[in-house]
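A quick write-up on the structure given underneath.
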There are 2 protein chains.
Amino acid sequence: MAPQTRQRILDCALAMFNAQGEPNVTTNHIADELEISPGNLYYHFRNKDDIIEQLFGRYEERIGAAMTVPEGRLPGLEDIWLQLHLVFECIWDYRFLYRDLIDILSRNRRLRMRFARILKRATDNASSVIRGLARAGIVRASAAEMDALATNILVVATFWLNFGASRGDQDESKSIRLGIVQVMMLISPFLRDAERVHLNTLSQAYDD
Amino acid sequence: MAPQTRQRILDCALAMFNAQGEPNVTTNHIADELEISPGNLYYHFRNKDDIIEQLFGRYEERIGAAMTVPEGRLPGLEDIWLQLHLVFECIWDYRFLYRDLIDILSRNRRLRMRFARILKRATDNASSVIRGLARAGIVRASAAEMDALATNILVVATFWLNFGASRGDQDESKSIRLGIVQVMMLISPFLRDAERVHLNTLSQAYDD
DNA sequence: GTCTATAAATGGATAGAC
DNA sequence: GTCTATCCATTTATAGAC
């Protein structure tokens, strides 16, 4: 009953971090919740930061998988919807990281570099998809606008959950869908009329 | 030499919170820095949260002053530039609040409500200015797009500094200007051609 | 691998003298 | 108003038995 103790600790830590916020969860809380001793927890992990780093590794792999540009063809709007779903669901599953992002990164140089790398890759990925949409004739924008758009997509995606929390949103179950729509509405004004009208209609349906 | 001790504590706390992050500054650190005793600090403030609440009061007043719609005339783009400068400079001066926003709000119900109220007012203010620009014929957008735009302006303004930090931006002195441009670029695609081209040119000048 | 016990350090906060 | 002294609670982390 416990060769998987290491994994149970990680799973429990993730759940508690997400529920209560990483700064409010101590190693003792995690041990208590799992009904194991603090000593046992420290047998498996050097310290709290070690646990966070392992969870970050999982996150890194998952978000990396969500960043792909269609191969051998131009992207369409449906590709964007799908990709946003993957990204937002990953962010949701590791939301503790985003909740206290700056504080967590400030304590760990390695994580700081790894997260910066992810943001860079994500921005490049967004840029690439946007240029694909432009080549497909679906969007029309200047180079400066496409750069700004890619960055703004990243800002909104990264901090949407925090925005919802700071504005006092009650229904957390809606936040992913609302976030996706919010990002799509960043793209809306650059679309051809047909897609633009369609999206505006859709956005109201997604809102309910 | 100290009827203004209370103010000195607030000033020092603000500077240290901004420099090191609120979670990393204790009441003892503040007392040390001011070369007063912890007991003295606790004579002036009930606890650390009390200090934060007072600083929040200052912030609230300042950000409130930045939210005004021009009276008796329609707004132009210059009004937006000015207002964004006021808002971003206020955010910069109280950046500790934004750095650990969710954690700070989670610990204090009153602050949570007050910040939600500010965000609400700011979004209404943005909406109102955007509708003014539409009435002036400067922007063209659907109702859904104007709502989404107002929200996205708030998201980007609120979390721009955090985005810069998480992506590893080195030169903090540029962050305000870059943030303002980034918000303007949210508006860009809705502008008439003349203003839109002008803004795209400007955005490169601001970038240097 | 896991537990008990506990050290060591920190942070928040107060009592009481001056 | 300010200081000294100190307490209490929490948190991280380790030693050593089982």
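In what follows, every chain begins at residue 1, and chains take the letters A, B, ... in the order their sequences are listed.
Here dA5(C) presents its P atom at 19 Å from OH of Y42(A), a figure rounded to the nearest Å. Rounded to whole Å, atom C1' of dT14(D) lies 16 Å from atom NE2 of H44(A). For R107(B) and dG12(C), the CZ to P distance is 10 Å, given to the nearest whole Å. In this structure, CD of E35(A) is placed 14 Å from C1' of dC3(C), rounded to the nearest angstrom. In this structure, CG of N28(A) is placed 15 Å from P of dA5(C), rounded to the nearest angstrom. Going from atom CD of Q7(B) over to atom C1' of dG1(D) covers 16 Å, rounded to whole Å. Look at OH on Y43(B): it is 6 Å from C1' on dG1(D), rounded to the nearest Å. The separation between D32(B) atom CG and dG11(C) atom P is 11 Å, rounded to whole Å.
In the set dT2(D), dG1(C), dT14(D), dG1(C) carries the atom at the smallest distance from any side-chain atom of N40(A). Side-chain atoms of P38(A) lie closest to dA13(D) of the nucleotides dT12(D), dC3(C), dA13(D). For I36(A), taking side-chain heavy atoms from C-beta onward, the closest of the listed nucleotides dT2(D), dC3(C), dG12(C) is dC3(C).
Judged as a side-chain hydrogen bond (donor to acceptor under 3.5 Å, both in side chains), and not counting sequence neighbours, R95(B) has no contacts. W81(A) pairs by the ring-ring contact (aromatic ring centres under 6.0 Å, His included) definition with Y206(A), not counting sequence neighbours. Scored by the side-chain hydrogen bond (donor to acceptor under 3.5 Å, both in side chains) test, Q83(B) finds no partners at all (sequence neighbours excluded). Contacts of R114(A) classified as side-chain contact (heavy atoms from CB on, under 4.5 Å), with partners at least two apart in sequence or in another chain: E53(A), F56(A), E60(A), L111(A), R117(A).
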Between E22(B) and K48(B), is a salt bridge (Lys or Arg N to Asp or Glu O under 4.0 Å) present by the stated rule, with each step listed?
CA-CA 10 Å; E22(B) 176 273 332; K48(B) 191 181 172 187; 3.0 Å; yes

Pair D171(A), S173(A) - check side-chain hydrogen bond (donor to acceptor under 3.5 Å, both in side chains), show working.
CA-CA 5 Å; D171(A) 191 350; S173(A) 70; 2.5 Å; yes

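A salt bridge links R196(A) with E145(B): the closest approach of a Lys/Arg side-chain nitrogen to an acidic carboxylate oxygen falls below 4.0 angstrom. One finds a salt bridge joining D79(B) and R73(B) here, because a Lys/Arg side-chain nitrogen approaches an Asp/Glu carboxylate oxygen to under 4.0 Å.
A heavy atom lying under 4.0 Å from DNA chain D marks none of the residues of residues 15-26 of chain B. Heavy-atom distances under 4.0 Å link DNA chain D to N47(A), K48(A) of residues 47-58 of chain A, given in residue order.
When the side-chain nitrogen and oxygen atoms of S37(B) are compared with OP1 and OP2 of dT4(D), none of them lie within a distance under 4.0 Å. Residue H29(A) has no polar side-chain atom (N or O) positioned under 4.0 Å from OP1 or OP2 of dT10(D).
Residue R110(A) places its CZ atom among 12 or fewer non-hydrogen atoms of other residues, nucleotides or ligands, all under 6.0 Å distant.
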